[in-house]
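Notes follow the structure.
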Amino acid sequence: MAAYKSDFLNVLSERGYIHQCTNMEALDKRAASETLTAYIGFDATATSLHAGSLIQIMMLYWFQQTGHRPIALMGGGTTKVGDPTGKDAQRKLLTDDDINRNLEGIKSSFAPFLQFGDGEADALMVNNDDWLSELKYIDFLRDYGVHFTINRMLTFDSVKLRLERESPMTFLEFNYMLMQAYDYLELNRRYGCVLQMGGSDQWGNIVNGVELCRRVAAANGKAEDHAEVFGLTTPLLTTASGKKMGKTEGGAVWLNADQLSPYDYWQYWRNTEDADVGRMLRLFTVLPLDEVARLEALEGAEINDAKKILATEVTAMLHGRSSAEDAADTARRTFEEGSTAGSLPAFDISAAELADGLPIYTPFRETGLIASNGEGRRHIKAGALKVNGSAVTEERALTPDDVVDGVIKISIGKKKHALVRVAS
């Protein structure tokens with residue numbers, strides 16, 4: 001593993017955040033000798049960020065913890081266009097009221113992770129609508145469009161994939177990469193920002209911004225005085241089974257408590273796949289790396305102890321230690337005490353029987369949570385029928401993959417619960 005001069009890159013390297021960098025040696029040298037400013041952009045497409053954004057928030061967290069100033073860039077302007085990266089169709093255009101409402105909700109997602117203020121390393125929250133809405137389009141194209149070639153833009157994955165799939169890309173969306181590059185230029189001018197970070201799918205957009213800063217400086221005859229700017233990306237984050245991070249069968253794993261309770265958030269992390277425990281501990285907790293190594297080395301049933309620690313630590317960072325411990329205690333009482341003390345209605349089945357698949361409505365009927373299969377279907381349609389806290393979106397069988405500590409928790413809404421107890 002590479003050893004860096006700067007605390008920032010050492011932490012990111014040791015914990016597995018680094019995928020690509022435009023000039024690692026130069027960035028390391030500057031990060032070791034001065035206070036830098038970096039940003040990550042977040043578009044305002046919903047009233048909360050979800051767990052898929054957590055890796056970016058943690059990068060800003062570690063940037064600040066190692067003595068630097070992070071900027072959380074709110075995409076009030078770019079959200080009006082829609083990022084085409086990874087999309088097969090144009091994203092729904094939101095109104096100004098929609099975007100402003102979403103921005104207010106998203107702001108609370110950052111408060112547990114970043115210290116905002118006026119100090120040298122205090123975080124800033126900036127809205128790119130402050131400058132994008134003021135652009136005179138013809139002037140913008142004359143001043144900055146000349147630094148982009150259609151040939152190069154057509155090679156970026158966000159464009160190429162849409163063309164290969166014969167999915168239309170509007171000219172509005174095609175402009176997104178120019179606007180994101182211009183964000184970097186504005187942040188460099190206004191705040192001395194010299195680093196943009198993001199996921200690996202943003203590499204093309206980030207490189208555009210790096211190059212625009214360099215070309216504008218050269219065009220203005222100031223290249224020799226212009227400090228180099230950098231881009232840094234994280235690896236594409238999927239689970240060991242290939243699922244997208246931050247998504248469940250019931251939808252997004254929201255960060256705001258009014259959209260997903262601390263208990264359900266805790267449960268999402270408790271259900272981490274065995275092969276992912278070590279990686280998730282490194283990326284999403286601040287536990288010392290020697291403790292992470294100890295936990296990921298656990299085998300058999302003991303790996304569940306590591307998952308509970310992961311869930312509690314991740315939940316504590318977002319919702320506070322008290323809420324995390326309450327969630328862990330609720331889970332313990334529901335799954336461990338409930339499975340033996342009979343405090344909840346229960347349906348018993350053997351592991352061998354479950355291996356063949358258990359029709360999902362059977363335990364719901366037998367424990368009295370529903371009266372009929374038809375009622376179960378209505379609850380699925382309403383998003384109220386849940387397995388282990390996650391909404392079921394279509395009829396399916398319960399399988400051994402659903403078993404947690406010897407039981408499967410089944411629910412209707414937030415108040416009606418039962419257990420499927422699995423005997424070995």
Side-chain angles (χ1 to χ4, degrees), residues 48 50-52 54 239 241 243-274 276-277 280 284 303-320 322-339 343-347 354 358 360-364 367-370 376 379-422:
S48 170
H50 59 71
L54 196 57
T239 66
S241 60
K243 294 179 182 178
K244 190 172 182 179
M245 183 70 192
K247 299 284 188 179
T248 68
E249 290 184 357
V253 181
W254 301 110
L255 300 186
N256 289 10
D258 61 346
Q259 292 187 248
L260 187 74
S261 71
Y263 172 78
D264 288 333
Y265 188 73
W266 187 96
Q267 196 64 53
Y268 169 76
W269 294 99
R270 167 61 182 84
N271 292 335
T272 296
E273 297 175 35
D274 291 2
D276 290 327
V277 171
M280 299 305 173
F284 299 117
I303 196 66
N304 289 323
D305 295 331
K307 293 181 183 181
K308 293 170 188 174
I309 291 172
L310 167 67
T312 299
E313 293 301 315
V314 176
T315 304
M317 288 201 73
L318 178 63
H319 295 298
S322 178
S323 292
E325 291 177 352
D326 285 347
D329 186 58
T330 299
R332 179 184 59 79
R333 287 186 285 106
T334 300
F335 286 97
E336 296 174 8
E337 292 181 5
S339 64
S343 58
L344 291 174
F347 175 82
L354 186 64
L358 175 65
I360 195 164
Y361 299 126
T362 300
F364 282 88
T367 56
L369 296 186
I370 61 174
H379 284 307
I380 286 180
K381 188 174 182 180
L385 191 146
K386 300 180 181 180
V387 172
N388 292 334
S390 296
V392 176
T393 57
E394 58 185 13
E395 290 187 32
R396 67 175 180 87
L398 297 181
T399 72
D401 290 338
D402 296 308
V403 179
V404 178
D405 293 331
V407 299
I408 303 170
K409 180 188 174 187
I410 58 176
S411 310
I412 297 295
K414 296 181 179 180
K415 296 183 178 180
K416 297 173 66 176
H417 308 286
L419 298 172
V420 178
R421 296 188 296 210
V422 183

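Atoms considered below: every heavy atom in the structure, side chains included; atoms not considered: hydrogens, waters and symmetry mates.
Residues satisfying the side-chain hydrogen bond (donor to acceptor under 3.5 Å, both in side chains) test with Thr362, not counting sequence neighbours, are none. Among residues two or more places apart in sequence or in another chain, the side chain to side chain contact (heavy atoms under 4.5 Å, CB included) test is passed with Ser261 by Tyr263, Asp264. Shown here are the ring pair (Phe, Tyr, Trp, His ring centres under 6.0 Å) partners of Phe284, two or more places apart in sequence or in another chain: Trp269. Remark: Glu395 pairs with Tyr361, Arg377 by the side-chain hydrogen bond (donor to acceptor under 3.5 Å, both in side chains) rule, at least two apart or across chains. With sequence neighbours left out, Ser411 forms a side-chain hydrogen bond (donor to acceptor under 3.5 Å, both in side chains) with His417. For Lys386, the side-chain hydrogen bond (donor to acceptor under 3.5 Å, both in side chains) test picks out no residue, with sequence neighbours left out. Every side chain to side chain contact (heavy atoms under 4.5 Å, CB included) that Ala418 has, sequence neighbours left out, goes to Pro345, Thr367, Leu369, Ile410. Considering only residues two or more places apart in sequence or on other chains, Ser323 meets the side chain to side chain contact (heavy atoms under 4.5 Å, CB included) condition with Pro262, His319. The salt bridge (Lys or Arg N to Asp or Glu O under 4.0 Å) check on Asp274 picks up Lys307, with sequence neighbours excluded. Every side chain to side chain contact (heavy atoms under 4.5 Å, CB included) that Asp401 has, sequence neighbours left out, goes to Thr399.
Between Trp254 and Ser48, the shortest heavy-atom contact is CZ3-O, 3.1 Å. In this structure, Ala51 and Tyr268 approach most closely via the heavy-atom pair CB-CE2, 4.4 Å. Shown here for Pro363 and Leu398, the closest heavy-atom pair between the two residues is CG-CD1, 3.9 Å. When all heavy atoms of Glu394 and Ile380 are compared, the pair lying nearest together is N-CG2, 3.9 Å. Nearest heavy atom pair, residue Thr315 against residue Trp266, reads OG1-CA, 3.4 Å. The heavy-atom pair separating Leu419 from Lys409 by the smallest distance is CD2-CA, 4.1 Å.
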Exercise. Run the numbers on Leu358 and Ile408 for side chain to side chain contact (heavy atoms under 4.5 Å, CB included), then give the verdict.
Key: CA-CA 12 Å; Leu358 175 65; Ile408 303 170; over 6 Å; no

Quiz item: Hey, mind stepping through Asp402 and Val420 against side chain to side chain contact (heavy atoms under 4.5 Å, CB included) and telling me if it holds?
Solution: CA-CA 10 Å; Asp402 296 308; Val420 178; over 6 Å; no

Quiz item: Between Arg396 and Val387, is a side chain to side chain contact (heavy atoms under 4.5 Å, CB included) present by the stated rule, with each step listed?
Solution: CA-CA 11 Å; Arg396 67 175 180 87; Val387 172; 3.8 Å; yes

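Under a 3.5 Å cut-off, the side chain of Asp329 and the backbone N or O of Glu325 do not form any donor-acceptor pair.
The NE2 atom of His50 sits 11.0 Å away from the CD atom of Gln259 when rounded to the nearest 0.5 Å. Annotation: the span from Met280 atom CE to Thr272 atom OG1 amounts to 6.0 Å, rounded to 0.5 Å. Put simply, CD1 on Ile412 and NE2 on His379 are 4.5 Å apart, with the number rounded to the nearest 0.5 Å. Remark: Asn304 CG to Arg270 CZ distance equals 4.5 Å, nearest 0.5 Å.
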